[in-house]
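Below, chain A is the first sequence line, B the second, and so on; all start at residue 1.
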Number of protein chains: 4
Amino acid sequence: MFRLDGRQNVPIYEQVVRRVKELTLRGVLKPGDKLPTVRELSAMIVANPNTVSKAYQELERSGVIETRPGKGTFVAERIRVEPDERIKADLRERLWPVVVDAVYFGVRLKEFEAWVREAFNELGGESGEPKA
Amino acid sequence: MFRLDGRQNVPIYEQVVRRVKELTLRGVLKPGDKLPTVRELSAMIVANPNTVSKAYQELERSGVIETRPGKGTFVAERIRVEPDERIKADLRERLWPVVVDAVYFGVRLKEFEAWVREAFNELGGESGEPKA
Amino acid sequence: MFRLDGRQNVPIYEQVVRRVKELTLRGVLKPGDKLPTVRELSAMIVANPNTVSKAYQELERSGVIETRPGKGTFVAERIRVEPDERIKADLRERLWPVVVDAVYFGVRLKEFEAWVREAFNELGGESGEPKA
Amino acid sequence: MFRLDGRQNVPIYEQVVRRVKELTLRGVLKPGDKLPTVRELSAMIVANPNTVSKAYQELERSGVIETRPGKGTFVAERIRVEPDERIKADLRERLWPVVVDAVYFGVRLKEFEAWVREAFNELGGESGEPKA
DNA sequence: GTGGTCTAGACCACG
DNA sequence: GTGGTCTAGACCACG
């Protein structure tokens with residue numbers, strides 16, 4: 001469940017952050033669910049507690065999880081707001097170099113869009129209009 | 001033309017790599033065009049020559065540019081082959097965390113696809129079938 | 001009456017301390033009123049008895065409440081003395097980082113003062129001269 | 001300039017964060033100024049580089065400073081926007097317990113307001129209306 | 001038992 | 001030389 005890729009270039013704490021986000025989006029982790037303690041998770045993935053701690057801190061700052069002192073760490077209630085322009089600009093900036101390389105390597109729009117759709121489906125992303 | 005963003009989080013050498021790729025995709029740089037020398041470019045963008053050198057090395061490894069000793073560095077002829085599975089897998093891996101955050105922040109598929117299409121258009125990416 | 005915020009960053013025992021102080025300032029708790037026992041309160045707010053106990057100890061040390069062995073815990077008579085310089089220095093030290101961030105975020109003095117006045121009013125703080 | 005209080009209850013990294021904010025507000029540190037490196041500062045205040053690093057990271061996330069890889073860390077340009085309601089609510093929440101204790105100890109509104117004004121003056125906070 | 005803070009010290013990417 | 005990441009391990013506040 002919390003398995004990481006390991007051999008990757010991505011820092012461990014960043015992998016943990018991503019993994020937890022994924023699991024909440026996929027519904028595997030639901031609001032109120034207890035996460036493993038820092039020490040438990042660090043044992044599971046064979047990493048230093050500090051590294052996991054850093055990931056948890058980042059997740060807390062992003063509002064994905066919340067720490068109840070002495071009780072543990074829990075998945076936070078998701079507060080859904082419309083994404084603001086700064087967030088969108090940031091996402092487009094991060095999308096850009098991926099598209100640059102895709103185009104460079106001759107990937108066609110159709111195929112790239114299929115990848116996007118698959119990813120959205122896998123994550124339960126909304127495809128229609130705002131829920132108004 | 002080679003201006004960079006400067007205060008971004010992306011390493012300078014990586015910004016140079018992306019910029020050159022973009023310029024070739026957009027047709028601003030064409031096969032056979034001469035690039036500035038490492039020293040010229042490092043002066044232009046106020047960076048360390050080592051940094052530019054590293055970018056050129058990476059671009060050469062990717063086949064984007066080629067060095068003709070004693071003559072300079074030139075945009076390479078683009079050899080278009082179908083992208084192999086390793087490249088596609090890598091691109092999807094890089095796309096994934098962007099989609100995770102997009103879904104997390106409530107961006108809808110329609111909007112994300114629009115971003116993708118815009119990026120493809122801007123880069124002259126092919127939308128149809130292989131030219132085969 | 002003793003409900004806490006729960007998911008806040010403030011330790012539970014500290015929340016209890018503040019809450020009791022507030023209730024006495026607001027006049028909801030008056031001198032001589034009996035407080036719930038440690039066990040009762042810990043049940044009410046779903047916390048560890050040790051936690052409540054720690055809060056009561058701190059409140060007793062500050063002279064807010066007093067324990068009469070075998071009888072329970074009671075709101076103490078408020079002995080109003082002029083605050084000494086040590087207390088004032090401490091309060092200013094605690095005020096300081098709040099003002100730093102307020103200024104940093106562009107809050108104007110007028111608005112900040114309005115917050116202060118509202119808080120004083122809500123707590124029945126004296127605005128005039130010492131009662132001498 | 002970067003001297004800390006030392007004996008305080010506040011974590012070292014938090015003291016560094018506050019100190020840098022203060023220095024920028026007071027104009028001692030100006031946009032573009034270079035901060036000491038993590039290792040320099042950690043030597044100055046006799047703390048671990050990691051601790052200083054944590055402070056710098058927090059300052060960067062808040063937009064107070066920015067890191068230019070390989071060049072060092074610099075005071076960021078201040079982008080002044082009107083503080084939003086979330087920030088204000090947070091500041092009032094932090095102000096509240098200070099006022100509670102002030103009222104409890106019999107500090108009068110007049111005096112407390114004087115403290116606030118002094119702090120604003122010292123930090124160069126604006127007292128008038130928005131600059132439009 | 002829970003996470004938060006800190007130290008000491010290593011290795012690495014970037015410039 | 002610069003900061004970023006990580007490990008190993010200690011101490012502490014909170015519950």
Query - Donor-acceptor pair (no angle test) under 3.5 Å: D/Asn50 side chain, E/dG9 base - result: yes
Query raised in the report: Quick one: is E/dT7 close enough that its OP1 or OP2 comes under 4.0 Å of any side-chain N or O from D/Thr51?
Result: yes
Query raised in the report: Rounding to a whole Å, what distance do you find between D/Leu59:CG and F/dG3:P?
Result: 13 Å
Requested in this report: Just call it for D/Tyr56: base, sugar-phosphate, or nothing, with non-hydrogen atoms closer than 4.0 Å on any strand.
Outcome: nothing
Query raised in the report: Under a 4.5 Å cut-off applied to non-hydrogen side-chain atoms, are C/Glu60 and C/Thr73 in contact?
Result: no
Report summary line: One should read off an interatomic distance between A/Phe2 CZ and A/Leu29 CG, to the nearest 0.5 angstrom, of 5.0 Å
Query - Inter-residue atom distance D/Met1.CE - D/Leu41.CG, 0.5 Å rounding - result: 10.0 Å
**Report entry** Spacing of A/Glu60 atom CD relative to E/dT5 atom C1', expressed in whole Å
**Finding:** 15 Å
Requested in this report: Report the distance from atom CG of A/Leu41 to atom P of F/dC6, rounded to the nearest whole Å.
Outcome: 13 Å
Report summary line: Rounded to whole Å, NZ of D/Lys34 lies from C1' of F/dT2 at a distance of 8 Å
Query - Distance test, side-chain N/O of D/Thr73 to OP1/OP2 of F/dT2, below 4.0 Å - result: no
Requested in this report: May I have the distance from B/Glu58 (atom CD) to E/dA13 (atom P), rounded to whole angstrom?
Outcome: 13 Å
Query - Any B/Lys54 side-chain N or O less than 4.0 Å from OP1/OP2 of E/dG15 - result: no
Query raised in the report: Take atom CZ in B/Arg39; do more than 12 heavy atoms of anything else shown fall under 6.0 Å from it?
Result: no
Requested in this report: State whether the distance check finds a donor on one side and an acceptor on the other, under 3.5 Å, for side chain D/Arg39 versus base F/dG3.
Outcome: yes
**Report entry** Atom pair distance, as rounded to whole Å: CD1 in A/Ile12 and P in F/dG4
**Finding:** 17 Å
Query raised in the report: Under a 3.5 Å cut-off for both distances, is E/dT2 Watson-Crick or wobble paired, and to whom?
Result: F/dA13
Report summary line: Separation of F/dT5 atom P from A/Glu14 atom CD, nearest Å, is 9 Å
Query - Residue-phosphate contact under 4.0 Å: C/Tyr13 side-chain N/O, F/dG15 OP1/OP2 - result: no
**Report entry** Side chains of C/Ser53 and C/Gln57, donor plus acceptor under 3.5 Å
**Finding:** yes
Query raised in the report: Quick one: C/Ile45 CD1 to F/dC14 P, roughly how many Å, whole number?
Result: 15 Å
**Report entry** Intermediate values then yes/no, salt bridge (charged side-chain N to carboxylate O under 4.0 Å, His left out), A/Lys54 and A/Glu58
**Finding:** CA-CA 6 Å; A/Lys54 184 171 179 183; A/Glu58 191 160 317; over 6 Å; no
**Report entry** Listed nucleotide nearest any side-chain atom of A/Thr67, set E/dG3, F/dC14, F/dT5
**Finding:** E/dG3
Query raised in the report: On DNA chain E, nearest-nucleotide positions of D/Val46 versus A/Thr37: which is more 5'?
Result: A/Thr37
Requested in this report: Scan A/Ala47 against the nucleic acid and name what it touches under 4.0 Å (heavy atoms): base, sugar-phosphate only, or nothing.
Outcome: sugar-phosphate
Requested in this report: Examine the base of F/dG1 for any acceptor or donor lying under 3.5 Å from a partner atom in the side chain of B/Asn48, and report the outcome as yes or no.
Outcome: no
Query raised in the report: Side chain of D/Ser53: nearest nucleotide among F/dC6, F/dG4, E/dG4?
Result: F/dG4
